[in-house]
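Input: a single structure, listed below in structure tokens.
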Protein chains: 2
Amino acid sequence: MRADAQRNAARLRAAAADLFQERGLQVSLKEIARRAGVSHGTLYNLFGSREALIDEVIADLAAVRLGDAARAALACPDPWQGFAGYVAEVCELQATDPALGDVLTRRFPDASRLMAVCDNSYSAAESIIDRARRDGSLRPDFTAADLLFFLASHAPLARSAAAAGSDSWRRAVGFMLDGLRTPAATPLPTAPMTPQQINHLLIEGSATPAG
Amino acid sequence: MRADAQRNAARLRAAAADLFQERGLQVSLKEIARRAGVSHGTLYNLFGSREALIDEVIADLAAVRLGDAARAALACPDPWQGFAGYVAEVCELQATDPALGDVLTRRFPDASRLMAVCDNSYSAAESIIDRARRDGSLRPDFTAADLLFFLASHAPLARSAAAAGSDSWRRAVGFMLDGLRTPAATPLPTAPMTPQQINHLLIEGSATPAG
DNA sequence: AGACATGTTGACCGCAGGGTCAAGTTATGG
DNA sequence: CCATAACTTGACCCTGCGGTCAACATGTCT
């Protein structure tokens, strides 16, 4: 790879990282190129697709952030504290970093490294949940699918609340957590989602085609 | 108004009602015209703006649906049952009717009749919440702003879950309600939103400009 | 029936997005 | 220092959106 190409790739990566984190994973590729100070043709040249760019720029970061949160949760002596702290931490990430808010939505199935991060996070969440359930502090009917549903619905509003300088999303998380403790538990009206249902749900989630 | 214009207006209203309820209040106006079988020029001619169309086609419907839910809630002898049923009912509306899911987002400030419906609903929610708080069954720190936050974040996923034939959103509502009963209550990390903050939050919510 | 007001139409504008590619430029190795 | 492979560029394609308007059609009233 020629030196100038390397320079351009670095600039593009930096611009992409900035914009993804400022405005989410759907920012226009032309705008990324604009901010990097190169032609959008060059972006397509060097990366080929938004997914490739995401994988290069966000996947590691997401892996670290989510991995840290999960590790901290499992390291916490009190399973409930671990679980609650994990949820709060992930929500915090969603509120402060739009890119991370978009990670869990699985809306970029072709970003393979990112999808791997999603899968790992899901497994980690299962462990965290399991531990808290076995402990008796987390209601037994709560599943990782339920957590994912909550996080996915929470992300957009948390993001704009944070952008508007508001903490209000923390309240929503607080209510939710109070509903997840065993003493509060009340029978649920329906079964948890299967992984297929989750996928379907999240991907269809926002980019509904026009037909 | 000429007879053909009246016919066209009726067709447009019908098409708009259909599409709003199928896909939400942001469907393209050209598509509404297409489905109505008239030129989009005619739509602009007869209605002038999306907001006018919304006001004509959705405002009443929303007023009735939300009003019924509120009335039923206040008529319920048990304040907690009334509150919980209200939340569940509104969520059901959001899940089954994308147009109603968009109503509470306040993303169409120029649709004045719709905005009035929002305001009324908010007041009604305050009464319902108040009654349940005074009853001692609803945690005292829960406000109408919190409910609005929940509903706004809930709507999109509930919609796509329902579209995918899934009931899973009911679980989320169940967890949330369990967190709202007084016995579950745990101190909250931050203050509720002011009306201004709500407005800001919801309107910025999804249509973030590119700049 | 005819004339005029009232409506309708679709081409057109500007914008922005994704994506491609021939032509031009520049780094690099011999 | 130059030949060439490697790279960049921006014009161009497509799509779809909101919105306007001159030219045309049609209902309506006398």
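It should be emphasised that the depicted structure is a prediction, and the values quoted were computed from it without experimental measurement. Below, chain A is the first sequence line, B the second, and so on; all start at residue 1.
Taking atom CG of residue Asp4(A) and atom C1' of nucleotide dT25(C), one finds them 10 Å apart after rounding to whole Å. Atom-to-atom, CG of Leu46(B) to C1' of dG7(C) comes out at 8 Å; the value is rounded to the nearest Å. Rounding to whole angstrom units, CD1 of residue Ile54(B) and C1' of dG18(D) are separated by 14 Å. In this structure, Asn45(B) places its CG atom 6 Å from P of dT8(C), rounding to the nearest Å. Here dG18(C) presents its C1' atom at 12 Å from CD of Glu51(A), a figure rounded to the nearest Å. In this structure, Arg7(B) places its CZ atom 12 Å from C1' of dT8(C), rounding to the nearest Å. One interatomic measurement links the two molecules: OH of Tyr44(B) to C1' of dT9(C), which rounds to 15 Å at whole-angstrom precision. Residue Leu29(B) contributes atom CG, which lies 16 Å from atom P of dG16(D) at whole-angstrom precision.
Summarising the geometry of Pro98(B) relative to Gly24(B), their closest heavy-atom pair is CB-N, 3.4 Å, with the distance given to 0.1 Å. Across every non-hydrogen atom of Ala95(A) and Ala162(A), the tightest pair is O-CB, 3.1 Å. Heavy-atom minimum distance, Leu66(A) versus Val103(A): CD1-CG1, 4.4 Å. Annotation for Ser121(B) and Leu104(B): closest pair CB-CD2, 4.5 Å, computed over non-hydrogen atoms. Among all heavy-atom pairs drawn from Leu12(A) and Ala33(A), the shortest one is CD2-CA, 3.9 Å. Here the closest heavy-atom approach between residue Cys91(B) and residue Val173(B) is recorded as SG-CG2, 3.7 Å.
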### Query
Checking salt bridge (charged side-chain N to carboxylate O under 4.0 Å, His left out) for the pair Asp178(B)/Arg139(A): CA distance, chi angles, key distance, verdict?
CA-CA 11 Å; Asp178(B) 277 350; Arg139(A) 56 193 292 169; 2.6 Å; yes

#### Entry: Asn8(A) vs Thr42(A), side chain to side chain donor-acceptor pair (under 3.5 Å): CA-CA, chis, key distance, verdict
CA-CA 8 Å; Asn8(A) 285 336; Thr42(A) 298; 5.2 Å; no

### Query
Step by step, would you call Glu92(A) with Arg170(A) a salt bridge (charged side-chain N to carboxylate O under 4.0 Å, His left out)?
CA-CA 8 Å; Glu92(A) 179 104 36; Arg170(A) 293 185 197 277; 3.0 Å; yes

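Listed by first then second residue, pairs satisfying salt bridge (charged side-chain N to carboxylate O under 4.0 Å, His left out) with a partner in residues 144-157 of chain A read Asp146(A)-Arg171(B), not counting sequence neighbours.
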### Query
What dot-bracket string describes DNA chain D from 5' to 3', counting Watson-Crick and G-U wobble pairs whose defining distances are under 3.5 Å, with [ ] for crossing pairs and | for pairs to another strand?
||||||||||||||||||||||||||||||

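Contact annotation: the side chain of Phe149(A) never approaches that of Phe175(B) to less than 4.5 Å [non-hydrogen atoms, C-beta and beyond].
Applying the salt bridge (Lys or Arg N to Asp or Glu O under 4.0 Å) criterion to Glu56(A), with sequence neighbours excluded, gives Arg13(A).
Near DNA chain C, defined here as any heavy-atom distance below 4.0 Å, there are no residues from residues 10-18 of chain A.
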Interface polar pairs with nucleotides 2-4 of chain D, N/O, under 3.5 angstrom:
none

All N/O pairs under 3.5 Å across the protein-nucleotides 21-25 of chain D interface:
none

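Interface remark: the Lys30(B) side chain does not form any donor-acceptor pair with the dG10(C) base, using a distance-only criterion of under 3.5 Å. Residue-to-nucleotide contacts include a donor-acceptor pair under 3.5 Å from the side chain of His40(A) to the base of dG19(C).
No option in Arg181(B), Arg133(B), Arg131(B) other than Arg181(B) meets the side-chain contact (heavy atoms from CB on, under 4.5 Å) test with Trp80(B).
For the OP1/OP2 pair of dC17(D) and a distance below 4.0 Å, the side-chain nitrogens and oxygens of Ser28(B) include at least one atom meeting the criterion. OP1 or OP2 of dT8(D) has at least one side-chain nitrogen or oxygen of Asn8(A) nearer than 4.0 Å. The shortest distance between the side-chain N/O atoms of Arg34(B) and the OP1/OP2 oxygens of dC17(D) is below 4.0 Å.
Two residues, Met1(B) and Ser39(B), neighbour DNA chain C, and the one matched to the more 5' nucleotide by heavy-atom proximity is Met1(B). Both Ser49(B) and Ala5(A) lie close to DNA chain D; mapped to their nearest nucleotides by heavy-atom distance, the more 5′-ward contact belongs to Ala5(A).
Classification of Asp97(B) and Arg159(B) as a salt-bridged pair fails, no side-chain N sitting under 4.0 Å from a carboxylate O.
Using modelled atom types, one side-chain atom of Asp55(A) and one backbone atom of Arg113(A) make a donor-acceptor pair closer than 3.5 Å.
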